[in-house]
Amino acid sequence: MRWKSGRRSSNVEDRRGETVRHASTGGGLLLLLRFLPGLLRSRKGRGLLIGGVILFFGARLLGIDLLGLLTGQGVAPPPQEPAALSQQDQELADFVSVVLGDTETTWNKRFQAQGKRYEEPVLVLFSGAVNTGCGLGQAAMGPFYCPLDRKVYIDLSFYRDLKTRHGAPGDFAQAYVIAHEIGHHVQNLLGISDRVRQLQQAAGKAEANALSVRLELQADCLAGIWGHDANMDRQMLEQGDLDEALNAAAAIGDDRLQKQAQGYAVPESFTHGTSAQRHRWFLAGFDGGEVSACDTFSADPL
Ligand SMILES: [Zn+2]
């Protein structure tokens with residue numbers, strides 16, 4: 001992919017190395033204060049309290065910070081200095097901001113053509129865990145979009161997984177992942193995600209999953225639309241790039257992931273679609289370059 005000369009987006013929020021505190025762990029100290037009067041009234045309680053104080057100072061002598069554990073400070077991982085980030089990670093962050101900038105170019109243009117305004121989303125880089133408008137986000141969940149704060153979250157270690165665990169290396173494969181999440185933002189702006197959520201609430205489990213598959217495949221198709229523009233308007237693609245994206249789309253299909261994890265696939269539990277379907281819908285967007293080609297909701301078969 002020819003990306004180095006591309007425009008960097010100003011919508012990247014770098015929160016790598018940020019410490020995430022779990023709100024519930026601070027409750028220990030509050031709980032202690034609440035029961036303190038009761039403890040002081042009874043003999044047993046006073047004994048318990050004295051025991052606690054001895055335990056606290058004893059632990060202190062041993063170098064264990066019990067108060068820190070109660071308030072949550074003791075369990076937080078030590079903050080990582082931005083300077084400690086490897087050069088490889090810095091280059092990845094640079095790459096991500098170019099891809100995000102390029103999706104902005106595509107979707108600003110496409111929304112404008114429809115007389116609409118594209119609201120550019122923020123992309124958050126994090127490491128390990130992050131607080132989001134949708135609750136606690138963790139690296140193990142893979143990259144995700146939160147419709148409530150309209151932000152895309154990615155821990156760059158996912159790219160190592162994509163390469164080593166899923167056998168999908170290459171920069172266009174990495175770009176496709178971002179373009180897919182941006183696809184969810186586009187669905188959110190167009191009101192598609194809301195409508196699907198409403199339908200899912202009234203539906204049974206299997207039907208709700210089927211709707212989720214259609215939503216995910218549409219995001220793949222919208223990622224294909226970005227690929228189309230990046231290729232036609234901005235000549236970013238090189239030989240072999242398309243194969244990288246198609247390989248990545250196939251590698252993270254539900255059937256292949258389930259077979260890897262448990263040896264067999266259960267189609268009713270799919271929420272993203274099969275490898276073949278993801279492959280096909282990315283191409284539908286990429287080849288046609290028309291959003292109208294991404295109507296996965298009336299497609300039969302998918
Ligand atoms: Zn998705």
Side-chain angles (χ1 to χ4, degrees), residues 6-15 93 95-126 130-135 137 141-156 158-159 172-200 211-230 234 245 248-249 252 271-273 278 281-282 284-286 289-297:
R7 179 180 69 83
R8 271 72 180 159
S9 168
S10 55
N11 293 314
V12 175
E13 206 176 289
D14 195 346
R15 281 159 63 182
F95 169 75
V96 164
S97 78
V98 170
V99 174
L100 181 65
D102 208 62
T103 63
E104 287 162 359
T105 307
T106 284
W107 292 112
N108 272 316
K109 188 189 78 182
R110 299 236 173 208
F111 271 63
Q112 231 164 49
Q114 301 285 316
K116 295 182 181 122
R117 204 178 75 82
Y118 179 63
E119 289 167 49
E120 297 176 352
V122 165
L123 184 144
V124 179
L125 296 174
F126 73 98
V130 66
N131 285 317
T132 82
C134 300
M141 296 157 59
F144 60 96
Y145 172 71
C146 169
L148 299 176
D149 60 17
R150 298 188 165 187
K151 291 180 180 182
V152 170
Y153 293 86
I154 184 165
D155 180 322
L156 296 177
F158 175 76
Y159 286 145
F172 198 62
Q174 296 170 341
Y176 150 75
V177 169
I178 296 169
H180 171 95
E181 298 309 329
I182 298 298
H184 285 311
H185 176 64
V186 169
Q187 291 172 319
N188 192 21
L189 292 182
L190 296 178
I192 297 170
S193 332
D194 268 351
R195 237 176 304 144
V196 167
R197 240 189 318 274
Q198 280 165 9
L199 287 171
Q200 281 175 323
L211 281 164
S212 164
V213 167
R214 288 181 190 271
L215 195 69
E216 291 299 329
L217 292 175
Q218 186 175 62
D220 283 335
C221 187
L222 297 174
I225 297 276
W226 161 78
H228 173 273
D229 288 5
R234 304 183 282 279
I252 49 182
T271 51
H272 284 74
R278 298 199 73 167
W281 282 102
F282 179 85
F286 185 86
E290 294 295 334
V291 176
S292 58
C294 296
D295 186 3
T296 53
F297 291 93

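Start at 1 with the first residue, then count along the sequence. Values reported hereafter were calculated over all heavy atoms of this structure, with side chains retained and with hydrogens, waters and symmetry mates removed.
In this structure, His184 and Ser193 have side chains that are not in contact, with every pair of non-hydrogen atoms separated by 4.5 Å or more. The closest side-chain heavy-atom distance from Asp102 to Arg7 is not below 4.5 Å. Annotation: side chain of Glu119 is not in contact with side chain of Asn188 (no heavy-atom distance under 4.5 Å). With contacts defined as side-chain heavy-atom distances shorter than 4.5 Å, the pair Leu123/Ser9 does not qualify. Taking 4.5 Å as the limit, every side-chain heavy atom of Glu181 sits out of range of all side-chain heavy atoms of Ile154. Under the 4.5 Å side-chain criterion, counting only non-hydrogen atoms from C-beta, Glu216 is in contact with His180. Here the side chains of Ile192 and Arg195 are in contact, with some heavy-atom distance below 4.5 Å. For the pair Val152/Ile182, a side-chain contact is recorded, criterion being any heavy-atom separation below 4.5 Å from C-beta on.
Gln218 and Thr296 get closest at one heavy-atom pair: CB-OG1, 3.4 Å. Nearest heavy-atom pair, Leu148 versus Gly133, reported as atom, atom and distance to 0.1 Å: CD1-O, 3.6 Å. Taking both residues in full, the closest heavy atoms of Ala93 and Leu156 are given as N-CD1, 4.0 Å, listed atom of the first, atom of the second, then distance.
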Exercise. For Trp226 and Phe172, what are the C-alpha separation, side-chain angles and deciding distance, and is it a ring-ring contact (aromatic ring centres under 6.0 Å, His included)?
Worked result: CA-CA 12 Å; Trp226 161 78; Phe172 198 62; 5.5 Å; yes

Problem set entry | Residue pair Arg110, Lys116: steps toward the side chain to side chain contact (heavy atoms under 4.5 Å, CB included) verdict | CA-CA 9 Å; Arg110 299 236 173 208; Lys116 295 182 181 122; over 6 Å; no

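Distance CD/Gln114 to CG/Leu190: 9.0 Å, rounded to 0.5 Å. Taking CD of Gln187 as the reference point, atom CG of Leu222 lies at 5.5 Å (rounded to 0.5 Å). Note that the OG1 atom of Thr103 and the CD1 atom of Ile225 stand 13.5 Å from one another [nearest 0.5 Å]. For the atom pair OG of Ser97 and CD of Glu104, the computed distance is 9.5 Å after rounding to the nearest 0.5 Å. Here the CG atom belonging to Leu215 is positioned 10.5 Å from the CG atom belonging to Asp220, to the nearest 0.5 angstrom. To the nearest 0.5 angstrom, Arg214 atom CZ is 8.0 Å from Phe297 atom CZ.
Remark: the backbone N or O of Asn11 is not paired with any side-chain donor or acceptor of Glu120 at under 3.5 angstrom. Looking only at distances, no side-chain donor or acceptor of Arg150 sits under 3.5 Å from a matching main-chain atom of Pro121. In terms of modelled atom types and a separation under 3.5 Å, the side chain of Arg278 and the main chain of Ile252 share a donor-acceptor contact. Distance alone, capped at 3.5 Å, is enough to place a donor-acceptor pair between the Arg8 side chain and the Gly6 backbone.
The aromatic rings of Phe144 and Tyr153 lie parallel to each other, with less than 30° between the two planes, well short of the 60° mark.
Of the residues listed (Phe111, Tyr118, Trp107), the one engaging His185 in a ring pair (Phe, Tyr, Trp, His ring centres under 6.0 Å) is Tyr118, and it is the only one.
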